[in-house]
There are 2 protein chains.
Amino acid sequence: MKIGELAKATGTQVETIRYYEREGLLPETTRTEGNYRIYGEAHAERLSFIRHCRSLDMTLEEIRVLLRFKDAPNENCGEVNALLDEHIGHVAARIRELRSLERQLKGLRDLCQEARDAAHCGILNELARQGSEGGSSAAGHVHGAHGRSVERKSIKDKRK
Amino acid sequence: MKIGELAKATGTQVETIRYYEREGLLPETTRTEGNYRIYGEAHAERLSFIRHCRSLDMTLEEIRVLLRFKDAPNENCGEVNALLDEHIGHVAARIRELRSLERQLKGLRDLCQEARDAAHCGILNELARQGSEGGSSAAGHVHGAHGRSVERKSIKDKRK
DNA sequence: CTTGACTCTTTAGTTGCTACAGGGTTTCCA
DNA sequence: TGGAAACCCTGTAGCAACTAAAGAGTCAAG
């Protein structure tokens, strides 16, 4: 099948497939005379595996490790367990961070119940306070903990 | 004060300050003869405000909106409340996603209790299954929901 | 034979920084 | 006074995992 069919079959975008090939997650395929990539069932399965892992929020690097195990079926899979345990740890840590963040945000929101002028807005005033390290509030550790991005989307809609 | 002092005073990196200036979050400053930026208290407060917002995981775009309100203190701050409510919604949604993810990962982990050869590893076998839409498992909605990245860090340590 | 759908490569954009490279300036200490 | 260290400047490239678009070629149907 051609790349568009593979894309449809796996629910992946065409560009993403080419990207995975560049990244070495999918092997380079044979081509038609017209230089079109052609794929078989094995490719579809491998791509499904990758997408499944991605839906579990694994990084491409983690997936690379798992693929190495799939490609070497006689290896001991202890490292697979370890990788998954570590990934679970990441997710759990991020949940804890976000919960602390949620508490802070709700506390902040409570400072301004109704709309008035910005100069007296409890939220803006609180955000302007020198919080830095005086208040050892969760801000410090939430911030440093690397898990960026809560969501994006309204942004890209905007340019449409 | 010079940029390094401002950086120390607010716990921000120098490059980050210059970046905020490029992005229009901080105004361009006057310079010394030697072309050094000089800052005053107002700059320090504004930067603290920004960093405080960032520690609450707001995007620069959201912060831009808040700064507009701070700069126009007679405006009605209803939009501030709305922005914060929306942000809280993002965080809550991401928490729900991650919890669902955590459940899936733990279920997956249970499939392989001890290390054996990769060909019989329950985890690898499960991940290889065509999950797509057959299983309407959380995979679908977790994936599409835009909140990428659980954490990163071991990666950058590697290059040291 | 032409239109449209598909494919190709290459490049740049996204977010919020961080880290250079390759300079100039200031300050401190001997 | 001289020279090294510590600071500052601009500009550019890199991170993750794509996404989009430019500009060109290929293929199938009407």
Side-chain angles (χ1 to χ4, degrees), chain A residues 1-8 11-26 28-39 47 50-51 53-64 90 143-160, chain B residues 1-8 11-26 28-39 47 50-51 53-64 90 143-160:
Chain A
M1 55 185 144
K2 286 187 290 180
I3 198 168
E5 305 172 71
L6 177 63
K8 206 160 292 177
T12 312
Q13 286 205 244
V14 167
E15 293 94 341
T16 304
I17 296 174
R18 287 196 280 249
Y19 171 72
Y20 287 162
E21 180 184 310
R22 268 202 309 285
E23 289 295 303
L25 294 170
L26 290 173
E28 296 189 15
T29 65
T30 50
R31 305 282 183 117
T32 66
E33 299 166 38
N35 199 33
Y36 285 14
R37 292 168 178 85
I38 35 179
Y39 297 95
L47 180 53
I50 294 168
R51 295 306 291 174
C53 292
R54 284 294 298 137
S55 81
L56 296 174
D57 229 359
M58 293 179 195
T59 64
L60 297 190
E61 192 49 43
E62 288 172 318
I63 297 169
R64 246 182 280 269
H90 296 167
H143 159 250
H146 22 276
R148 273 298 136 270
S149 112
V150 166
E151 82 114 44
R152 219 46 44 207
K153 143 192 175 187
S154 33
I155 287 167
K156 69 171 64 162
D157 295 346
K158 218 163 277 180
R159 84 181 59 267
K160 187 59 175 302
Chain B
M1 55 185 144
K2 286 186 290 180
I3 198 168
E5 305 171 72
L6 177 63
K8 207 159 293 177
T12 313
Q13 286 206 240
V14 167
E15 293 95 339
T16 304
I17 297 174
R18 287 195 281 247
Y19 171 72
Y20 287 161
E21 180 184 310
R22 268 201 310 284
E23 290 295 302
L25 295 170
L26 290 174
E28 296 190 14
T29 64
T30 50
R31 305 280 183 118
T32 65
E33 298 165 38
N35 199 32
Y36 285 14
R37 292 168 177 86
I38 35 179
Y39 298 94
L47 180 53
I50 295 168
R51 295 306 290 173
C53 292
R54 284 294 298 138
S55 81
L56 295 174
D57 228 358
M58 294 178 194
T59 64
L60 297 190
E61 192 48 44
E62 288 171 318
I63 296 168
R64 247 183 280 268
H90 297 167
H143 158 249
H146 22 276
R148 277 293 139 270
S149 114
V150 166
E151 84 112 45
R152 218 46 42 209
K153 146 193 174 183
S154 33
I155 288 167
K156 69 171 66 161
D157 294 346
K158 218 165 278 178
R159 85 181 59 265
K160 187 55 177 301

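Residue numbering restarts at 1 for every chain, and letters A, B, ... go by the order of the sequence lines.
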(message) For Watson-Crick and G-U wobble pairs within 3.5 Å on both distances, what is DNA chain D written in dot-bracket notation, | included for inter-strand pairing?
(response) ||||||||||||||||||||||||||||||
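- Summary of the strand contacts: Asn35(A) and Thr16(A) both lie near DNA chain D, and taking for each the nucleotide with the nearest heavy atom, the more 5' one is attributed to Thr16(A).
- Counting heavy atoms from C-beta on, the side chains of Tyr20(B) and Ile63(B) never come closer than 4.5 Å.
- For the pair Glu33(A) and Arg18(A), both in contact range of DNA chain D, the more 5′-proximal nearest nucleotide belongs to Arg18(A).
- Considering only side-chain N and O atoms, Tyr20(B) lies nowhere under 4.0 angstrom from the phosphate OP1 or OP2 of dG16(C).
- Straight-line distance from the NZ atom of Lys2(A) to the C1' atom of dT26(D): 9 Å, rounded to whole Å.
- Between Gly34(B) and Met58(B), the one whose closest nucleotide on DNA chain C sits nearer the 5' end is Met58(B).
- A distance-only check finds a donor-acceptor pair linking the side chain of Arg64(B) to the backbone of Glu23(B) [under 3.5 Å].
- Comparing atom distances between the Glu15(B) side chain and each of dA19(C), dC8(D), dT19(D) picks out dA19(C) as nearest.
- Atom-to-atom, CD1 of Ile3(A) to P of dA5(C) comes out at 19 Å; the value is rounded to the nearest Å.
- Regarding contacts with the backbone of dC17(C), a side-chain N or O of Arg54(B) is found under 4.0 angstrom from either OP1 or OP2.
- A distance of 9.0 Å separates CG of Asp57(A) from CD of Glu62(A), quoted to the nearest 0.5 Å.
- Between Arg31(A) and the phosphate of dT9(C), there is a side-chain N or O to OP1/OP2 separation shorter than 4.0 Å.
- If you take CG of Leu47(B) and C1' of dC17(C), they are 14 Å apart, rounded to a whole angstrom.
- Between the CZ atom of Arg22(B) and the C1' atom of dC17(C) there is a distance of 9 Å, given to the nearest Å.
- In this structure the side chain of Tyr39(B) reaches within 4.5 angstrom of the side chain of Ile17(B), judged on heavy atoms.
- Whole-Å rounding puts the Glu28(B) CD to dT10(D) P distance at 9 Å.
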(request) Could you walk me through whether Lys8(B) and Glu5(B) pass the salt bridge (charged side-chain N to carboxylate O under 4.0 Å, His left out) test, one step at a time? (result) CA-CA 5 Å; Lys8(B) 207 159 293 177; Glu5(B) 305 171 72; over 6 Å; no
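- Tyr36(B) contributes no side-chain N or O that forms a donor-acceptor pair with the base of dT26(C) under 3.5 Å.
- The CG atom of Leu6(A) sits 15 Å away from the C1' atom of dC6(C) (whole-angstrom rounding).
- Dashed line: the shortest gap from a side-chain N or O of Gln13(A) to OP1 or OP2 of dC18(D) is not under 4.0 Å.
- At least one side-chain heavy atom of Arg31(A) sits less than 4.5 Å from a side-chain heavy atom of Thr29(A).
- Annotation: side chain of Leu60(A) is in contact with side chain of Arg54(A) (closest heavy-atom distance under 4.5 Å).
- Taking the side chain as every heavy atom from C-beta outward, Arg51(A) and Thr16(A) approach each other to under 4.5 Å.
- Remark: Arg37(B) is in phosphate contact with dC9(D), judged by side-chain N or O atoms under 4.0 Å from OP1 or OP2.
- In this structure, the CD atom of Glu61(B) is 9 Å from the P atom of dG16(C), given to the nearest Å.
- Computed from coordinates, the Glu5(B) CD to dT27(C) P distance equals 10 Å when rounded to whole Å.
- The phosphate of dC18(D) (OP1 or OP2) has a side-chain N or O of Arg51(A) nearer than 4.0 angstrom.
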